[in-house]
Number of protein chains: 2
Amino acid sequence: MPPRKATSDVFHAIADANRRTLLGFLAQKARPVGECAKELGITYAAVSQHLSVLHEVGLVERKSLGRQRYYRTRFEPLQEVYDWTVAYRPFWQNRLDALGNYLDKEEDSE
Amino acid sequence: MPPRKATSDVFHAIADANRRTLLGFLAQKARPVGECAKELGITYAAVSQHLSVLHEVGLVERKSLGRQRYYRTRFEPLQEVYDWTVAYRPFWQNRLDALGNYLDKEEDSE
DNA sequence: ACAATATTTAAGTATATACCTAAATATCAT
DNA sequence: ATGATATTTAGGTATATACTTAAATATTGT
């Protein structure tokens, strides 16, 4: 398989740090692209592309107001990520999981 | 910024579907590379590379036994992902978030 | 219609990804 | 040591990423 597009699923979409920052920035309040660009310190074009990715996976909604386009985070798709991590939650807490006991607890061999 | 390596953080590491499958496969029981390759239907080499990425971010531990190398998932680093999603949990549930009311609730404009 | 503002799209660059095949390394059994 | 088995590393391919700059597309005010 060739590398998959960031637009193909939520996990890919949130892999980028700038996109995660955007989701936080747009959580409380819808904002136009220009403000996002200022926040991230990159060009309008780059922000526009990131927002486009987020929009394709449903992580932001947008609304044109005048000549500006307001974006706001929609968190619903994150539930998939939450669910995936939570499924493994039992493992974070007690280290005594179902590992066959032919392996002991030493450090990794390099 | 150029694209970041998958080894740079957990979010990147779990973006790939095959790597997520591996984490599930290696959750309960440590297994050698060969079994993983059979499970995923790709070559040893490809699996070895994926496991190497997961190891670099601490998502698997490994242990050599004889000529095999057993890998097992370590879920601790997933807590970062969990925490990030959970921080936004209030938003999934009630749609009445702090959006300024100059935007209404219609569908997105395309 | 015209200029200014806000955003998107197009085209380009350097680097990373997700594989593969083939060669290299490690371990075990003889 | 020799050969078989298990895994990693090296080298290669096609495609994707994360930007950039410049051109194209709204939208608004005059």
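Quick note on labels: first sequence line is chain A, next is B, and so on, each numbered from 1.
- Atom CG of residue A:Leu22 and atom CG of residue A:Asp16 lie 8.5 Å apart, to the nearest 0.5 angstrom.
- Taking the ring centre of B:Phe25 as origin, the terminal cationic atom of B:Arg31 falls inside the region bounded by 6.0 Å and 45° from the ring axis.
- A salt bridge links B:Asp9 with B:Arg4: at least one charged nitrogen is closer than 4.0 Å to a carboxylate oxygen.
- Looking at which nucleotide of DNA chain D each of A:Arg67 and A:Arg4 is closest to, the 5′-most match is held by A:Arg4.
- Along DNA chain C, the nucleotide nearest to B:Gly66 and the one nearest to B:Thr43 differ in position, and the one closer to the 5' end is contacted by B:Thr43.
- Separating the CG atom in B:Leu23 from the CG atom in B:Leu78 is a distance of 6.5 Å, to the nearest 0.5 Å.
- Between the side chain of A:Arg19 and the main chain of A:Ala13, a donor-acceptor pair closer than 3.5 Å is present.
- For the contact set between residues 14-23 of chain A and DNA chain D, defined by any heavy atom under 4.0 Å, the members are A:Asp16, A:Asn18, A:Arg19.
- Once you apply a 4.0 Å limit to the heavy atoms of chain B, the touched nucleotides of DNA chain D run 5' to 3' over D:dA4 to D:dC19.
- B:Gln68 has its CD atom 11 Å from the C1' atom of C:dC28, to the nearest Å.
- Scored by the ring-ring contact (aromatic ring centres under 6.0 Å, His included) test, A:Tyr88 finds A:Trp84, B:Phe75 as partners (sequence neighbours excluded).
- Closest to the side chain of B:Ile42, from the set C:dT21, C:dT17, C:dC19, is C:dC19.
- When hydrophobic clusters are built by joining Ile, Leu, Val, Met, Phe, Trp and Tyr residues whose side-chain heavy atoms come closer than 4.5 Å, directly or via intermediates, A:Val60 is grouped together with A:Val81.
- One atom, CZ of B:Arg62, and another, P of C:dT27, lie 13 Å apart when rounded to the nearest Å.
- The separation between A:Glu56 atom CD and C:dT9 atom P is 10 Å, rounded to whole Å.
- Backbone-only engagement by B:Ala46 is indicated by non-hydrogen atom pairs under 4.0 Å involving sugar-phosphate atoms exclusively.
- The CG atom of B:Leu65 sits 13 Å away from the C1' atom of C:dC28 (whole-angstrom rounding).
- When side chains are defined from C-beta on, A:Val10 counts as touching A:Pro77, because their heavy atoms get closer than 4.5 Å.
- Looking at which nucleotide of DNA chain D each of A:Lys5 and A:Tyr44 is closest to, the 5′-most match is held by A:Lys5.
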Problem set entry | Evaluation steps, side-chain hydrogen bond (donor to acceptor under 3.5 Å, both in side chains), between A:Tyr70 and A:Arg62 | CA-CA 5 Å; A:Tyr70 283 79; A:Arg62 67 181 165 212; over 6 Å; no
